[in-house]
Amino acid sequence: MAEVKVRLYVDQPLALGQPVALDEAAANYLFNVMRLAKGGGVLLFNDADGEWLAEVEQAGKRSGLARATAQTRPRTAPPDLWLLFAPIKKARLDFLVEKAVELGVARLMPVQTRFTNAERLRPDKLRAHVIEAAEQCEATYLPGIAELEPLGRLLSRWPPDRRLFWADEGLAGRSAMLNAPKGTPSALLIGPEGGFSVEERDLLRALPFVTPISLGPRILRAETAAVAALALWQAALGDWT
Ligand code: SAM
């Protein structure tokens, strides 16, 4: 079988000889878009059994069947990093989510802040983007997606051992993230286009598990700030070191 590059996330168990049903969306992607046929190979992964090579046994218009033949990689957990973000305009949100998955977040947590316009969030679309990005960046896991939650409520039940790095455009100086001990369970908080309210800032500054971080002297768009903060964390504390 030629080198297999096509990857697909499946919400089904994967094991040696396991038959895997391919639904209409999967059939369309594999057989129409990627031009796969009976006998062709596809890499399947779920969020538990790792990545498996599978052979297409049936290739129909609306469905198909593949059978797992060999595990190619075990599930490798991402670094212990959560991303808290205020929903932003659709195209920018899609970009932010895609980049967050590529940059290795373990959990995406949309937060409702004072200046957030939340009706923009479509959980089904969010999940589809997460799956597509995981397929593309060769992840063997699927990052978790939390429900939208008011920032204040989330902070009131925050796990004290997890450091929250708050991207605060009002802050100057070297990013404190660089001094944090490696392996710290972490989270990043990125604000909405309109930034954080005075009350939210006062609340964040008063919390012992919060570390404000600067991403330089210029005001970044939220999605840029997310990419910059994720790259900084991965380089300083994550799996890039
Ligand atoms: N507050 C500004 C405003 O009112 O127009 C801009 C908000 S900025 C577009 C969105 C978010 O990106 C901010 O809330 C912050 O989390 C992050 N951010 C942008 N630039 C930053 C910087 N230079 N340092 C740290 N965080 C930054």
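Starting from 1, each residue takes its place in the sequence as its number. Read the numbers this way: they start at 1 and go in the same order the structure lists the ligands and their atoms. None of these values were measured; they are calculated from a predicted model.
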Student: Any idea which protein heavy atom is nearest atom 18 (N) of ligand 1, and the distance to it?
Tutor: Ala225 CB, 3.7 Å
Student: Among protein heavy atoms, which sits nearest to atom 24 (N) of ligand 1, and what does the distance come to when rounded to 0.1 Å?
Tutor: Leu215 N, 2.8 Å
Student: Distance under 4.0 Å to a non-hydrogen atom of Arg218: what atoms of ligand 1 satisfy this?
Tutor: 20 (N), 22 (C), 23 (N)
Student: Among all protein heavy atoms, pick the one closest to atom 3 (C) of ligand 1 and tell me residue, atom and distance.
Tutor: Glu193 O, 3.5 Å
Student: Just do the side-chain hydrogen bond (donor to acceptor under 3.5 Å, both in side chains) check on Thr184 and Arg163 with the steps written out, would you?
Tutor: CA-CA 7 Å; Thr184 308; Arg163 176 93 349 226; over 6 Å; no
Student: Could you tell me whether Arg114 and Glu200 make a salt bridge, using a distance below 4.0 angstrom between a side-chain N and a carboxylate O?
Tutor: no
Student: Hey, can you tell me if Phe209 and Trp158 have their rings parallel, tilted or perpendicular (30° and 60° cut-offs)?
Tutor: parallel
Student: Can an N or O of Gly194 be found at a distance shorter than 3.5 Å from an N or O of ligand 1?
Tutor: yes
Student: Check Lys61 with Glu24, please: is the shortest side-chain N to carboxylate O separation under 4.0 Å?
Tutor: no
Student: Taking only Lys NZ, Arg NE, NH1 and NH2, and the carboxylate oxygens of Asp or Glu, determine whether Arg75 and Asp49 approach each other closer than 4.0 Å.
Tutor: no
Student: Backbone, side chain, both or neither: what part of Asp168 comes under 4.0 angstrom of ligand 1, heavy atoms only?
Tutor: backbone
Student: Roughly how far, to the nearest 0.5 Å, is CZ of Phe45 from OG1 of Thr72?
Tutor: 11.0 Å
Student: Side chain or backbone, does Ser214 bring an N or O within less than 3.5 Å of an N or O on ligand 1?
Tutor: no
Student: Starting from atom 11 (C) of ligand 1, find the nearest protein heavy-atom neighbour and note its residue, name and distance.
Tutor: Gly191 O, 3.5 Å
Student: For ligand 1, which atoms, with element, lie under 4.0 Å from some heavy atom of Ile213?
Tutor: 25 (C)
Student: Determine whether more than 12 heavy atoms belonging to other residues, nucleotides or ligands lie under 6.0 Å from atom NZ of Lys5.
Tutor: no
Student: Taking 4.0 angstrom as the limit, do Asp94 and Lys125 come out as a salt bridge?
Tutor: no
Student: For ligand 1, which is the ligand I care about here, please tell me if Ala222 has any N or O atom under 3.5 Å from one of the ligand's N or O atoms.
Tutor: no
Student: Would you mind checking which non-hydrogen protein atom is closest to atom 10 (C) of ligand 1, with the distance to 0.1 Å?
Tutor: Pro192 O, 3.2 Å
Student: Would you mind telling me if ligand 1 is within reach of the side chain of Ala229, the backbone, both or neither, using heavy atoms under 4.0 Å?
Tutor: neither
Student: Return the CD to CD distance between Glu223 and Glu98, rounded to the nearest 0.5 Å.
Tutor: 12.5 Å
Student: Mind checking whether Ile219 has an N or O less than 3.5 Å away from an N or O of ligand 1?
Tutor: no
Student: Can you find an N or O of Phe196 that's nearer than 3.5 Å to an N or O of ligand 1?
Tutor: no
Student: For the pair Arg205 and Asp202, find out whether any cationic side-chain nitrogen is under 4.0 Å from an anionic carboxylate oxygen.
Tutor: yes
Student: Ligand 1 versus Ala167, non-hydrogen atoms closer than 4.0 Å: side chain, backbone, both, neither?
Tutor: both
Student: Is the number of heavy atoms from other residues, nucleotides or ligands within 6.0 Å of CZ (Arg221) greater than 12?
Tutor: no
Student: Taking only heavy atoms of Leu220 into account, list the atoms of ligand 1 that are under 4.0 Å away from them.
Tutor: 8 (S), 9 (C), 12 (O), 19 (C), 20 (N)
Student: Flag Glu169 as yes when one of its N or O atoms lies below 3.5 Å from any N or O atom of ligand 1, and as no otherwise.
Tutor: yes
Student: Should you measure from each heavy atom of Ile190, which atoms of ligand 1 turn up under 4.0 Å away?
Tutor: 16 (O)
